[in-house]
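These numbers come from a predicted model, not from an experiment. Both ligands and their constituent atoms are indexed starting at 1 by order of listing. Both backbone and side-chain heavy atoms feed into the values below; hydrogens, waters and symmetry mates do not.
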Amino acid sequence: MRVLFATSEIHPLMKTGGLADVSASLPQALFELGVDIRLVMPAYADTLARLKAWQVVSELNLGLFGHARLLQSHLPGSRVPLFLIEHPSFSTRTGNPYNDSTGHAWPDNAERFTLFCRACEMLALNQAMLDWQPDIVHGNDWQTGILLALLRDNPQSPPSLITIHNLAYQGVFNRATFDALGLPQNLWRSDALEHWGDMNCLKAGLNAARKIATVSPSYAREIQTPAFGNGLDGLLRQRHADVLGMVNGIDIDEWNPATDPHLAANYTLDNMEHKALNKLALQREMGLEIDTEAMLIGMVGRMTEQKGLDVVLAAADQIMQRPVQLAMLGGGDARLEAAFQALMQRHPGRVSVRLGYDEGLAHRIEAGSDVFLMPSRFEPCGLNQLYSLRYGTPPIVHGVGGLNDTVIDTFEATLADGSANGFVMRNLDVPAILWGVSRALEFFQQPKVWATLQAVGMTQDFSWSASAQRYLDIYHQLASTHDELTPASKAPAPETSPAVSRPTRSRATRKT
Ligand code: ADP
(Lines give C-alpha, C1' and ligand atoms only; values in the text may rest on other atoms or scores of the structure.)
Protein backbone atom coordinates (compact mmCIF):
# COMPACT_ATOMS: atom_id res chain seq x y z
CA MET A 1 0.00 0.00 0.00
CA ARG A 2 1.56 3.27 -1.18
CA VAL A 3 0.24 6.48 0.34
CA LEU A 4 1.09 10.11 -0.35
CA PHE A 5 0.33 12.10 2.81
CA ALA A 6 0.12 15.81 2.00
CA THR A 7 0.14 18.33 4.83
CA SER A 8 1.15 21.91 5.54
CA GLU A 9 2.76 21.20 8.95
CA ILE A 10 4.83 18.38 10.40
CA HIS A 11 6.33 18.42 13.87
CA PRO A 12 9.20 19.26 14.49
CA LEU A 13 9.70 20.90 11.09
CA MET A 14 6.79 23.34 11.28
CA LYS A 15 4.04 23.48 13.86
CA THR A 16 1.22 25.82 14.70
CA GLY A 17 -1.02 23.21 16.33
CA GLY A 18 -2.20 19.64 16.50
CA LEU A 19 -2.08 19.11 12.72
CA ALA A 20 1.71 19.04 12.95
CA ASP A 21 1.72 16.44 15.72
CA VAL A 22 -0.69 14.20 13.84
CA SER A 23 1.22 14.61 10.55
CA ALA A 24 4.28 13.17 12.25
CA SER A 25 2.82 10.50 14.50
CA LEU A 26 0.11 9.01 12.26
CA PRO A 27 2.43 8.41 9.26
CA GLN A 28 5.00 6.89 11.62
CA ALA A 29 2.36 4.49 12.95
CA LEU A 30 1.25 3.59 9.41
CA PHE A 31 4.87 3.06 8.37
CA GLU A 32 5.22 0.63 11.26
CA LEU A 33 2.15 -1.22 9.93
CA GLY A 34 4.05 -1.75 6.67
CA VAL A 35 2.56 1.10 4.61
CA ASP A 36 4.87 2.71 2.03
CA ILE A 37 3.86 6.19 3.19
CA ARG A 38 5.62 9.33 1.98
CA LEU A 39 5.02 12.78 3.36
CA VAL A 40 4.97 15.98 1.39
CA MET A 41 5.00 19.49 2.83
CA PRO A 42 6.22 22.97 1.81
CA ALA A 43 9.89 23.74 2.45
CA TYR A 44 9.49 26.75 4.73
CA ALA A 45 12.64 28.67 5.67
CA ASP A 46 12.41 27.39 9.28
CA THR A 47 11.88 23.84 8.06
CA LEU A 48 15.04 23.90 5.99
CA ALA A 49 16.93 25.34 8.96
CA ARG A 50 15.71 22.48 11.17
CA LEU A 51 16.39 19.65 8.72
CA LYS A 52 19.85 18.19 8.88
CA ALA A 53 20.10 16.93 5.32
CA TRP A 54 18.15 16.63 2.12
CA GLN A 55 18.70 15.89 -1.54
CA VAL A 56 17.33 17.66 -4.57
CA VAL A 57 15.47 15.02 -6.57
CA SER A 58 13.90 17.00 -9.36
CA GLU A 59 12.71 20.34 -10.55
CA LEU A 60 8.99 20.79 -11.04
CA ASN A 61 7.60 23.09 -13.69
CA LEU A 62 4.62 24.79 -12.08
CA GLY A 63 3.61 26.88 -15.07
CA LEU A 64 2.64 30.39 -14.03
CA PHE A 65 4.15 29.82 -10.57
CA GLY A 66 7.59 29.16 -12.05
CA HIS A 67 9.69 26.27 -10.83
CA ALA A 68 9.91 24.48 -7.52
CA ARG A 69 12.61 22.11 -6.40
CA LEU A 70 11.52 18.74 -5.04
CA LEU A 71 13.65 17.87 -2.03
CA GLN A 72 13.82 14.49 -0.38
CA SER A 73 14.63 13.76 3.23
CA HIS A 74 13.20 11.83 6.19
CA LEU A 75 10.94 12.68 9.06
CA PRO A 76 13.48 13.55 11.77
CA GLY A 77 14.33 10.57 13.95
CA SER A 78 12.47 8.20 11.64
CA ARG A 79 12.76 6.32 8.36
CA VAL A 80 9.53 7.76 6.92
CA PRO A 81 10.39 9.44 3.59
CA LEU A 82 9.63 13.14 3.35
CA PHE A 83 9.33 15.34 0.27
CA LEU A 84 9.55 19.10 0.43
CA ILE A 85 8.34 21.57 -2.14
CA GLU A 86 10.90 24.34 -2.25
CA HIS A 87 9.57 27.53 -3.79
CA PRO A 88 10.61 31.08 -2.86
CA SER A 89 7.14 31.87 -1.50
CA PHE A 90 7.81 29.28 1.22
CA SER A 91 11.57 29.11 1.54
CA THR A 92 12.27 32.82 1.91
CA ARG A 93 9.86 33.49 4.81
CA THR A 94 10.43 32.67 8.44
CA GLY A 95 7.84 32.31 11.19
CA ASN A 96 4.23 31.25 10.99
CA PRO A 97 3.39 29.45 7.73
CA TYR A 98 0.07 31.20 7.19
CA ASN A 99 0.39 34.64 8.79
CA ASP A 100 2.87 37.48 8.89
CA SER A 101 4.36 38.73 12.15
CA THR A 102 1.33 40.94 12.79
CA GLY A 103 -1.00 37.94 12.61
CA HIS A 104 -2.47 38.79 9.20
CA ALA A 105 -2.71 36.11 6.53
CA TRP A 106 0.01 36.33 3.89
CA PRO A 107 -1.64 38.06 0.92
CA ASP A 108 -0.47 35.33 -1.47
CA ASN A 109 -1.71 32.31 0.52
CA ALA A 110 -4.01 31.25 -2.34
CA GLU A 111 -1.07 31.19 -4.75
CA ARG A 112 1.26 29.50 -2.26
CA PHE A 113 -1.06 26.63 -1.45
CA THR A 114 -2.25 26.27 -5.03
CA LEU A 115 1.32 25.82 -6.19
CA PHE A 116 1.90 23.40 -3.30
CA CYS A 117 -1.14 21.42 -4.48
CA ARG A 118 0.10 21.53 -8.08
CA ALA A 119 3.43 20.10 -7.00
CA CYS A 120 1.68 17.41 -4.92
CA GLU A 121 -0.47 16.60 -7.94
CA MET A 122 2.68 15.83 -9.90
CA LEU A 123 3.80 13.45 -7.15
CA ALA A 124 0.38 11.83 -7.03
CA LEU A 125 0.45 11.25 -10.79
CA ASN A 126 4.03 10.00 -10.90
CA GLN A 127 5.22 13.03 -12.84
CA ALA A 128 7.99 14.05 -10.47
CA MET A 129 10.74 11.69 -11.70
CA LEU A 130 10.35 9.41 -8.70
CA ASP A 131 9.01 6.33 -10.46
CA TRP A 132 6.54 6.01 -7.61
CA GLN A 133 2.81 6.46 -7.71
CA PRO A 134 0.66 6.24 -4.62
CA ASP A 135 -2.41 4.03 -4.37
CA ILE A 136 -4.00 6.61 -2.10
CA VAL A 137 -3.61 10.35 -1.64
CA HIS A 138 -4.32 11.47 1.92
CA GLY A 139 -4.92 15.21 2.22
CA ASN A 140 -5.21 17.24 5.39
CA ASP A 141 -7.22 20.43 5.90
CA TRP A 142 -7.84 23.25 3.45
CA GLN A 143 -4.25 23.57 2.33
CA THR A 144 -4.63 20.33 0.35
CA GLY A 145 -8.20 20.84 -0.90
CA ILE A 146 -7.19 21.97 -4.37
CA LEU A 147 -4.95 18.92 -4.74
CA LEU A 148 -7.89 16.60 -4.16
CA ALA A 149 -10.12 18.63 -6.51
CA LEU A 150 -7.52 18.43 -9.29
CA LEU A 151 -7.14 14.69 -8.80
CA ARG A 152 -10.85 14.04 -8.74
CA ASP A 153 -11.22 15.43 -12.24
CA ASN A 154 -8.46 13.21 -13.61
CA PRO A 155 -9.38 9.56 -14.26
CA GLN A 156 -5.75 8.50 -13.87
CA SER A 157 -5.61 9.67 -10.27
CA PRO A 158 -5.51 7.47 -7.22
CA PRO A 159 -8.48 7.79 -4.88
CA SER A 160 -8.18 10.26 -2.04
CA LEU A 161 -9.34 10.89 1.44
CA ILE A 162 -9.14 14.02 3.53
CA THR A 163 -8.80 14.44 7.25
CA ILE A 164 -10.43 17.52 8.74
CA HIS A 165 -8.34 18.71 11.67
CA ASN A 166 -10.30 21.92 12.05
CA LEU A 167 -13.35 22.87 10.00
CA ALA A 168 -13.10 26.51 11.07
CA TYR A 169 -10.20 27.13 8.67
CA GLN A 170 -11.38 26.76 5.09
CA GLY A 171 -9.05 28.73 2.82
CA VAL A 172 -11.61 31.16 1.37
CA PHE A 173 -10.59 33.55 -1.41
CA ASN A 174 -12.52 35.70 -3.86
CA ARG A 175 -13.36 35.11 -7.51
CA ALA A 176 -10.62 37.42 -8.80
CA THR A 177 -8.07 35.39 -6.88
CA PHE A 178 -9.41 32.19 -8.42
CA ASP A 179 -9.14 33.71 -11.88
CA ALA A 180 -5.47 34.48 -11.30
CA LEU A 181 -4.53 30.95 -10.17
CA GLY A 182 -4.63 29.28 -13.56
CA LEU A 183 -6.83 26.49 -12.26
CA PRO A 184 -9.23 24.67 -14.58
CA GLN A 185 -12.28 26.89 -15.00
CA ASN A 186 -14.61 24.00 -14.33
CA LEU A 187 -13.45 23.86 -10.72
CA TRP A 188 -15.66 26.91 -10.32
CA ARG A 189 -18.76 24.88 -9.62
CA SER A 190 -20.70 24.33 -6.44
CA ASP A 191 -19.70 20.68 -6.14
CA ALA A 192 -16.03 21.68 -6.36
CA LEU A 193 -14.45 24.99 -5.27
CA GLU A 194 -17.25 27.53 -5.52
CA HIS A 195 -19.07 28.44 -2.32
CA TRP A 196 -21.48 31.37 -2.19
CA GLY A 197 -19.52 33.29 -4.82
CA ASP A 198 -16.08 32.66 -3.30
CA MET A 199 -13.59 29.89 -3.69
CA ASN A 200 -13.40 27.58 -0.69
CA CYS A 201 -10.44 25.20 -0.65
CA LEU A 202 -11.72 22.97 2.14
CA LYS A 203 -15.07 22.58 0.41
CA ALA A 204 -13.24 21.50 -2.74
CA GLY A 205 -11.39 18.85 -0.76
CA LEU A 206 -14.54 17.59 0.95
CA ASN A 207 -16.36 17.35 -2.37
CA ALA A 208 -13.50 15.54 -4.02
CA ALA A 209 -12.40 13.08 -1.35
CA ARG A 210 -13.94 9.62 -1.39
CA LYS A 211 -13.88 9.50 2.40
CA ILE A 212 -13.88 12.34 4.90
CA ALA A 213 -12.16 11.55 8.15
CA THR A 214 -12.17 13.74 11.17
CA VAL A 215 -10.39 13.43 14.43
CA SER A 216 -13.05 12.32 16.90
CA PRO A 217 -16.48 10.68 16.71
CA SER A 218 -18.18 13.58 18.52
CA TYR A 219 -16.70 16.15 16.13
CA ALA A 220 -17.78 13.98 13.17
CA ARG A 221 -21.36 14.30 14.45
CA GLU A 222 -21.10 17.96 15.47
CA ILE A 223 -19.84 19.21 12.09
CA GLN A 224 -23.02 17.92 10.48
CA THR A 225 -25.02 20.46 12.51
CA PRO A 226 -25.39 24.20 11.82
CA ALA A 227 -23.88 25.07 15.20
CA PHE A 228 -20.52 23.47 14.38
CA GLY A 229 -20.65 23.12 10.59
CA ASN A 230 -19.11 26.50 9.70
CA GLY A 231 -21.40 26.71 6.67
CA LEU A 232 -20.38 23.28 5.38
CA ASP A 233 -22.78 21.22 7.50
CA GLY A 234 -25.18 20.75 4.57
CA LEU A 235 -22.44 19.24 2.43
CA LEU A 236 -21.28 17.08 5.33
CA ARG A 237 -24.83 15.85 5.96
CA GLN A 238 -25.09 14.92 2.29
CA ARG A 239 -21.87 12.94 2.61
CA HIS A 240 -22.71 11.53 6.04
CA ALA A 241 -22.13 7.93 4.96
CA ASP A 242 -18.54 8.88 4.10
CA VAL A 243 -17.80 10.93 7.24
CA LEU A 244 -15.70 9.00 9.77
CA GLY A 245 -14.65 10.01 13.26
CA MET A 246 -11.36 8.55 14.43
CA VAL A 247 -9.77 9.81 17.57
CA ASN A 248 -6.17 10.96 17.23
CA GLY A 249 -3.36 9.12 18.92
CA ILE A 250 -0.30 10.80 20.36
CA ASP A 251 3.41 10.16 20.06
CA ILE A 252 3.75 8.11 23.24
CA ASP A 253 7.55 8.27 23.13
CA GLU A 254 7.77 12.03 22.82
CA TRP A 255 5.06 12.59 25.43
CA ASN A 256 6.21 10.20 28.11
CA PRO A 257 6.78 11.50 31.65
CA ALA A 258 9.11 8.57 32.34
CA THR A 259 11.63 9.68 29.70
CA ASP A 260 10.73 13.27 28.71
CA PRO A 261 14.04 15.18 28.49
CA HIS A 262 12.31 18.54 29.01
CA LEU A 263 11.32 17.75 32.60
CA ALA A 264 13.07 18.60 35.86
CA ALA A 265 12.42 15.03 37.02
CA ASN A 266 11.00 12.02 35.22
CA TYR A 267 8.25 10.03 36.85
CA THR A 268 5.88 7.11 36.59
CA LEU A 269 2.97 6.00 38.74
CA ASP A 270 5.52 4.42 41.09
CA ASN A 271 7.30 7.64 41.95
CA MET A 272 4.74 10.41 41.78
CA GLU A 273 6.78 12.43 44.28
CA HIS A 274 8.89 13.32 41.22
CA LYS A 275 5.85 14.92 39.64
CA ALA A 276 5.80 17.21 42.68
CA LEU A 277 9.40 18.21 41.86
CA ASN A 278 8.19 19.31 38.44
CA LYS A 279 5.57 21.51 40.11
CA LEU A 280 8.23 23.25 42.18
CA ALA A 281 10.49 23.65 39.14
CA LEU A 282 7.61 25.09 37.12
CA GLN A 283 6.71 27.56 39.86
CA ARG A 284 10.35 28.66 39.94
CA GLU A 285 10.66 28.85 36.13
CA MET A 286 7.48 30.88 35.72
CA GLY A 287 8.00 33.18 38.67
CA LEU A 288 5.10 31.78 40.70
CA GLU A 289 5.16 31.60 44.50
CA ILE A 290 6.56 28.31 45.73
CA ASP A 291 3.43 26.75 47.14
CA THR A 292 2.84 23.02 47.29
CA GLU A 293 -0.73 23.40 48.56
CA ALA A 294 -2.13 25.62 45.79
CA MET A 295 -3.75 23.76 42.90
CA LEU A 296 -1.65 24.75 39.90
CA ILE A 297 -3.82 25.10 36.79
CA GLY A 298 -1.93 24.73 33.49
CA MET A 299 -2.97 26.01 30.08
CA VAL A 300 -1.15 25.68 26.74
CA GLY A 301 -2.44 26.59 23.33
CA ARG A 302 -3.21 28.98 20.56
CA MET A 303 -4.90 32.10 21.88
CA THR A 304 -7.96 32.15 19.68
CA GLU A 305 -11.67 32.43 20.19
CA GLN A 306 -11.92 28.67 19.69
CA LYS A 307 -10.15 27.98 22.96
CA GLY A 308 -12.75 29.71 25.18
CA LEU A 309 -10.16 32.04 26.69
CA ASP A 310 -12.57 34.98 26.84
CA VAL A 311 -14.67 32.97 29.29
CA VAL A 312 -11.59 32.10 31.35
CA LEU A 313 -10.77 35.80 31.49
CA ALA A 314 -14.30 36.66 32.58
CA ALA A 315 -14.06 34.10 35.39
CA ALA A 316 -10.40 34.61 36.26
CA ASP A 317 -10.63 37.08 39.13
CA GLN A 318 -13.19 34.86 40.84
CA ILE A 319 -11.08 31.76 40.18
CA MET A 320 -8.12 33.47 41.77
CA GLN A 321 -10.07 33.90 45.02
CA ARG A 322 -9.59 30.14 45.48
CA PRO A 323 -6.30 28.50 46.55
CA VAL A 324 -5.05 28.10 42.98
CA GLN A 325 -2.31 29.33 40.67
CA LEU A 326 -2.40 29.65 36.87
CA ALA A 327 0.49 28.90 34.50
CA MET A 328 -0.22 29.68 30.88
CA LEU A 329 1.72 29.40 27.63
CA GLY A 330 0.33 30.56 24.32
CA GLY A 331 0.11 33.20 21.69
CA GLY A 332 -2.13 34.52 18.97
CA ASP A 333 -4.91 37.07 19.28
CA ALA A 334 -3.33 40.35 20.44
CA ARG A 335 -6.31 41.32 22.62
CA LEU A 336 -6.30 37.99 24.43
CA GLU A 337 -2.53 38.21 24.91
CA ALA A 338 -2.88 41.70 26.45
CA ALA A 339 -5.78 40.62 28.67
CA PHE A 340 -3.83 37.66 30.06
CA GLN A 341 -0.83 39.87 30.71
CA ALA A 342 -3.07 42.28 32.60
CA LEU A 343 -4.41 39.33 34.61
CA MET A 344 -0.84 38.38 35.50
CA GLN A 345 -0.18 41.92 36.69
CA ARG A 346 -3.28 41.84 38.88
CA HIS A 347 -2.17 38.57 40.51
CA PRO A 348 1.61 38.66 40.73
CA GLY A 349 3.15 35.39 41.87
CA ARG A 350 -0.15 33.56 41.35
CA VAL A 351 -0.72 33.97 37.61
CA SER A 352 2.11 33.61 35.12
CA VAL A 353 1.66 33.99 31.39
CA ARG A 354 4.34 33.26 28.79
CA LEU A 355 3.64 34.49 25.30
CA GLY A 356 5.19 32.72 22.32
CA TYR A 357 5.93 29.20 21.26
CA ASP A 358 8.05 27.02 23.56
CA GLU A 359 7.97 23.25 23.06
CA GLY A 360 9.94 22.47 26.24
CA LEU A 361 7.78 24.70 28.45
CA ALA A 362 4.64 23.07 27.00
CA HIS A 363 5.96 19.72 28.30
CA ARG A 364 6.89 21.22 31.69
CA ILE A 365 3.42 22.74 32.13
CA GLU A 366 1.82 19.38 31.38
CA ALA A 367 4.06 17.74 33.99
CA GLY A 368 4.23 20.45 36.64
CA SER A 369 0.57 21.45 36.80
CA ASP A 370 -1.99 19.75 39.00
CA VAL A 371 -4.86 20.22 36.54
CA PHE A 372 -5.06 21.28 32.91
CA LEU A 373 -7.79 23.70 31.82
CA MET A 374 -9.15 23.37 28.27
CA PRO A 375 -12.54 25.07 27.93
CA SER A 376 -12.65 25.03 24.11
CA ARG A 377 -15.78 26.30 22.39
CA PHE A 378 -15.26 23.49 19.90
CA GLU A 379 -12.42 20.99 19.75
CA PRO A 380 -11.99 18.59 16.82
CA CYS A 381 -9.86 16.23 18.91
CA GLY A 382 -7.51 18.16 21.14
CA LEU A 383 -4.11 16.79 22.01
CA ASN A 384 -3.27 18.75 25.12
CA GLN A 385 -5.88 16.96 27.22
CA LEU A 386 -4.38 13.64 26.08
CA TYR A 387 -0.90 14.82 27.05
CA SER A 388 -2.19 16.00 30.42
CA LEU A 389 -3.92 12.67 31.11
CA ARG A 390 -0.68 10.86 30.33
CA TYR A 391 1.22 13.22 32.66
CA GLY A 392 -1.10 12.63 35.63
CA THR A 393 -2.62 16.11 35.30
CA PRO A 394 -6.40 15.64 35.16
CA PRO A 395 -8.04 17.94 32.61
CA ILE A 396 -11.00 20.27 33.16
CA VAL A 397 -12.70 20.53 29.76
CA HIS A 398 -15.80 21.71 27.97
CA GLY A 399 -17.51 18.52 26.76
CA VAL A 400 -17.34 19.03 23.00
CA GLY A 401 -15.65 17.13 20.17
CA GLY A 402 -12.64 15.10 21.15
CA LEU A 403 -12.74 16.49 24.68
CA ASN A 404 -16.12 14.81 25.09
CA ASP A 405 -14.73 11.54 23.74
CA THR A 406 -11.58 11.36 25.85
CA VAL A 407 -12.35 12.96 29.22
CA ILE A 408 -14.69 11.14 31.61
CA ASP A 409 -16.23 13.32 34.29
CA THR A 410 -15.63 12.46 37.92
CA PHE A 411 -18.69 11.51 39.94
CA GLU A 412 -19.87 8.61 42.02
CA ALA A 413 -20.62 6.20 39.19
CA THR A 414 -17.45 6.90 37.18
CA LEU A 415 -15.32 6.70 40.30
CA ALA A 416 -16.97 3.39 41.12
CA ASP A 417 -16.37 1.87 37.68
CA GLY A 418 -12.84 3.28 37.47
CA SER A 419 -13.39 5.40 34.35
CA ALA A 420 -13.20 8.93 35.87
CA ASN A 421 -10.16 10.80 34.60
CA GLY A 422 -11.07 14.50 34.69
CA PHE A 423 -13.82 17.10 34.84
CA VAL A 424 -16.30 17.88 32.09
CA MET A 425 -18.28 21.13 31.92
CA ARG A 426 -21.51 20.78 29.95
CA ASN A 427 -21.75 24.54 29.28
CA LEU A 428 -19.20 27.16 28.52
CA ASP A 429 -19.82 30.21 30.69
CA VAL A 430 -18.48 31.76 33.89
CA PRO A 431 -20.57 29.63 36.29
CA ALA A 432 -19.51 26.47 34.45
CA ILE A 433 -15.80 27.31 34.71
CA LEU A 434 -16.12 28.23 38.38
CA TRP A 435 -17.99 24.97 38.93
CA GLY A 436 -15.32 22.98 37.06
CA VAL A 437 -12.47 24.53 39.03
CA SER A 438 -14.33 24.08 42.35
CA ARG A 439 -15.00 20.42 41.70
CA ALA A 440 -11.41 19.81 40.70
CA LEU A 441 -10.30 21.57 43.88
CA GLU A 442 -12.64 19.46 45.98
CA PHE A 443 -11.11 16.24 44.65
CA PHE A 444 -7.57 17.67 44.63
CA GLN A 445 -7.92 18.08 48.37
CA GLN A 446 -8.66 14.34 48.73
CA PRO A 447 -5.27 12.81 47.92
CA LYS A 448 -6.50 9.23 47.65
CA VAL A 449 -9.22 9.98 45.12
CA TRP A 450 -6.87 12.31 43.26
CA ALA A 451 -4.27 9.56 42.95
CA THR A 452 -6.95 7.32 41.45
CA LEU A 453 -7.85 9.92 38.84
CA GLN A 454 -4.21 10.38 37.94
CA ALA A 455 -3.70 6.63 37.66
CA VAL A 456 -6.63 6.22 35.27
CA GLY A 457 -5.22 8.82 32.85
CA MET A 458 -1.64 7.61 33.14
CA THR A 459 -2.52 4.02 32.27
CA GLN A 460 -4.86 4.70 29.32
CA ASP A 461 -3.79 3.75 25.81
CA PHE A 462 -3.35 6.92 23.73
CA SER A 463 -1.19 5.29 21.08
CA TRP A 464 -2.07 5.33 17.42
CA SER A 465 -2.49 1.56 17.18
CA ALA A 466 -6.29 1.45 16.87
CA SER A 467 -6.78 4.57 14.70
CA ALA A 468 -3.82 3.86 12.40
CA GLN A 469 -5.23 0.38 11.72
CA ARG A 470 -8.58 1.97 10.87
CA TYR A 471 -6.91 4.37 8.44
CA LEU A 472 -5.16 1.41 6.84
CA ASP A 473 -8.47 -0.46 6.49
CA ILE A 474 -9.96 2.60 4.77
CA TYR A 475 -6.98 2.86 2.41
CA HIS A 476 -7.52 -0.79 1.42
CA GLN A 477 -11.23 -0.26 0.98
CA LEU A 478 -10.69 2.80 -1.23
CA ALA A 479 -8.00 1.13 -3.30
CA SER A 480 -10.08 -1.98 -3.89
CA THR A 481 -13.22 -0.09 -4.93
CA HIS A 482 -11.37 2.49 -6.99
CA ASP A 483 -12.30 1.09 -10.34
CA GLU A 484 -16.00 1.04 -9.59
CA LEU A 485 -18.02 3.92 -10.95
CA THR A 486 -18.20 6.55 -8.22
CA PRO A 487 -20.05 9.85 -8.06
CA ALA A 488 -16.67 11.56 -8.29
CA SER A 489 -15.87 9.92 -11.61
CA LYS A 490 -19.15 11.23 -12.98
CA ALA A 491 -17.92 14.78 -12.51
CA PRO A 492 -17.86 17.01 -15.62
CA ALA A 493 -14.93 16.41 -17.94
CA PRO A 494 -11.90 18.43 -16.90
CA GLU A 495 -10.47 21.26 -18.93
CA THR A 496 -6.78 21.10 -19.62
CA SER A 497 -4.90 23.09 -17.06
CA PRO A 498 -2.81 25.98 -18.35
CA ALA A 499 -0.44 25.66 -15.41
CA VAL A 500 0.66 22.06 -15.50
CA SER A 501 0.50 19.57 -18.29
CA ARG A 502 -1.69 16.55 -17.73
CA PRO A 503 -0.16 13.16 -16.93
CA THR A 504 0.61 10.73 -19.65
CA ARG A 505 1.33 7.67 -17.57
CA SER A 506 -1.64 5.37 -17.13
CA ARG A 507 -2.49 3.48 -13.98
CA ALA A 508 -1.97 0.20 -15.81
CA THR A 509 1.75 0.94 -16.13
CA ARG A 510 2.23 1.57 -12.43
CA LYS A 511 4.57 -0.59 -10.46
CA THR A 512 2.65 -2.82 -8.10
P1 ADP B 1 -4.90 22.97 18.11
O2 ADP B 1 -4.52 21.99 17.05
O3 ADP B 1 -6.29 23.49 17.99
O4 ADP B 1 -3.91 24.06 18.27
P5 ADP B 1 -4.36 20.75 19.96
O6 ADP B 1 -4.58 20.60 21.44
O7 ADP B 1 -4.92 19.69 19.10
O8 ADP B 1 -4.91 22.19 19.53
O9 ADP B 1 -2.81 20.80 19.66
C10 ADP B 1 -2.00 21.84 20.07
C11 ADP B 1 -0.56 21.41 19.98
O12 ADP B 1 0.24 22.59 19.86
C13 ADP B 1 -0.07 20.70 21.22
O14 ADP B 1 0.99 19.84 20.90
C15 ADP B 1 0.45 21.88 22.08
O16 ADP B 1 1.37 21.48 23.05
C17 ADP B 1 1.07 22.74 21.02
N18 ADP B 1 1.13 24.17 21.34
C19 ADP B 1 0.16 25.10 21.18
N20 ADP B 1 0.60 26.33 21.53
C21 ADP B 1 1.87 26.16 21.94
C22 ADP B 1 2.89 27.06 22.43
N23 ADP B 1 2.64 28.36 22.59
N24 ADP B 1 4.10 26.55 22.72
C25 ADP B 1 4.34 25.22 22.56
N26 ADP B 1 3.43 24.34 22.12
C27 ADP B 1 2.22 24.79 21.80
Visitor: Which residue holds the protein heavy atom closest to atom 14 (O) of ligand 1, what is that atom called, and what is the gap in Å?
Guide: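 Nearest neighbour among protein heavy atoms for atom 14 (O) of ligand 1, to 0.1 Å: Asp21 OD2, 2.7 Å.
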
Visitor: Please say whether Gly356 places an N or O atom under 3.5 Å from an N or O atom belonging to ligand 1.
Guide: yes

Visitor: Using distance alone, determine whether Asp358 and ligand 1 share an N or O pair under 3.5 Å.
Guide: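 Between Asp358 and ligand 1, an N or O pair is found under 3.5 Å apart.
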
Visitor: Between Trp142 and Tyr169, does the ring centre distance come in under 6.0 Å?
Guide: no

Visitor: Are Gln306 and Arg302 linked by a side-chain donor-acceptor pair shorter than 3.5 Å?
Guide: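 There is such a pair (donor and acceptor under 3.5 Å, judged by atom type) between the side chains of Gln306 and Arg302.
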
Visitor: Of the choices Tyr169, Tyr387, Phe378, Tyr357, which has the non-hydrogen atom that lies closest to atom 18 (N) of ligand 1?
Guide: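 Comparing heavy atoms across Tyr169, Tyr387, Phe378, Tyr357, the nearest one to atom 18 (N) of ligand 1 lies in Tyr357.
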
Visitor: Please examine the side chains of Asp291 and Gln325, heavy atoms only from C-beta on, and report whether any two atoms are closer than 4.5 Å.
Guide: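 Side-chain contact under 4.5 Å: yes.
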
Visitor: Taking Glu379 first and then Lys307, would you say they form a salt bridge - that is, a charged N and a carboxylate O separated by under 4.0 Å?
Guide: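 So Glu379 pairs with Lys307 through a salt bridge.
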
Visitor: If the cut-off is 4.0 Å to any non-hydrogen atom of Ala362, which atoms of ligand 1 fall inside it?
Guide: 25 (C), 26 (N)

Visitor: Any non-hydrogen side-chain atom of Asp251 less than 4.5 Å from a side-chain atom of Asp21?
Guide: no

Visitor: I want to confirm something. Looking only at heavy atoms, which of Lys307, His11, Gln385 is nearest to atom 8 (O) of ligand 1?
Guide: Lys307

Visitor: Looking only at non-hydrogen atoms, find the nearest pair between Val400 and Ser376 and report the distance.
Guide: CG2-O, 3.6 Å

Visitor: Verify whether the ring centers belonging to Phe113 and Phe90 lie closer than 6.0 Å.
Guide: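 Yes, the ring centres sit under 6.0 Å apart.
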
Visitor: Please state which protein non-hydrogen atom is closest to atom 16 (O) of ligand 1 and give its distance, to 0.1 Å?
Guide: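 The answer is Asn384 OD1, 3.2 Å.
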
Visitor: Determine, for Lys279 against Asp370, whether the closest basic-nitrogen to carboxylate-oxygen distance falls under 4.0 angstrom.
Guide: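 Yes, charged N to carboxylate O under 4.0 Å.
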
Visitor: Given Lys15, Met374, Glu254, Arg354, which has its nearest heavy atom closest to atom 12 (O) of ligand 1?
Guide: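 Ranked by closest heavy atom to atom 12 (O) of ligand 1, first place is Lys15.
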
Visitor: Between His138 and Tyr475, is the ring centroid distance below 6.0 Å?
Guide: yes

Visitor: With a 4.0 Å cut-off on heavy atoms, is Cys381 in contact with ligand 1?
Guide: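 In this structure, Cys381 fails to qualify as a contact of ligand 1 - no heavy atom is under 4.0 Å.
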
Visitor: Hey, does Trp255 come in under 3.5 Å of ligand 1, counting only N/O atoms on both sides?
Guide: no

Visitor: Look only at interatomic distance and state if Arg302 has a nitrogen or oxygen under 3.5 Å from any nitrogen or oxygen of ligand 1.
Guide: yes

Visitor: For atom 19 (C) of ligand 1, what is the nearest protein heavy atom, given as residue, atom name and distance?
Guide: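 Of every protein heavy atom, Gly301 CA, 3.7 Å lies nearest to atom 19 (C) of ligand 1.
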
Visitor: What residue and atom, counting heavy atoms only, is the protein's closest point to atom 6 (O) of ligand 1, and at what distance?
Guide: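 Sorting protein heavy atoms by distance from atom 6 (O) of ligand 1 puts Leu383 N, 3.0 Å first.
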
Visitor: Considering only the protein, which heavy-atom contact is closest to atom 10 (C) of ligand 1, and what is its distance?
Guide: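 The closest heavy atom on the protein side is Gly18 N, 3.7 Å.
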
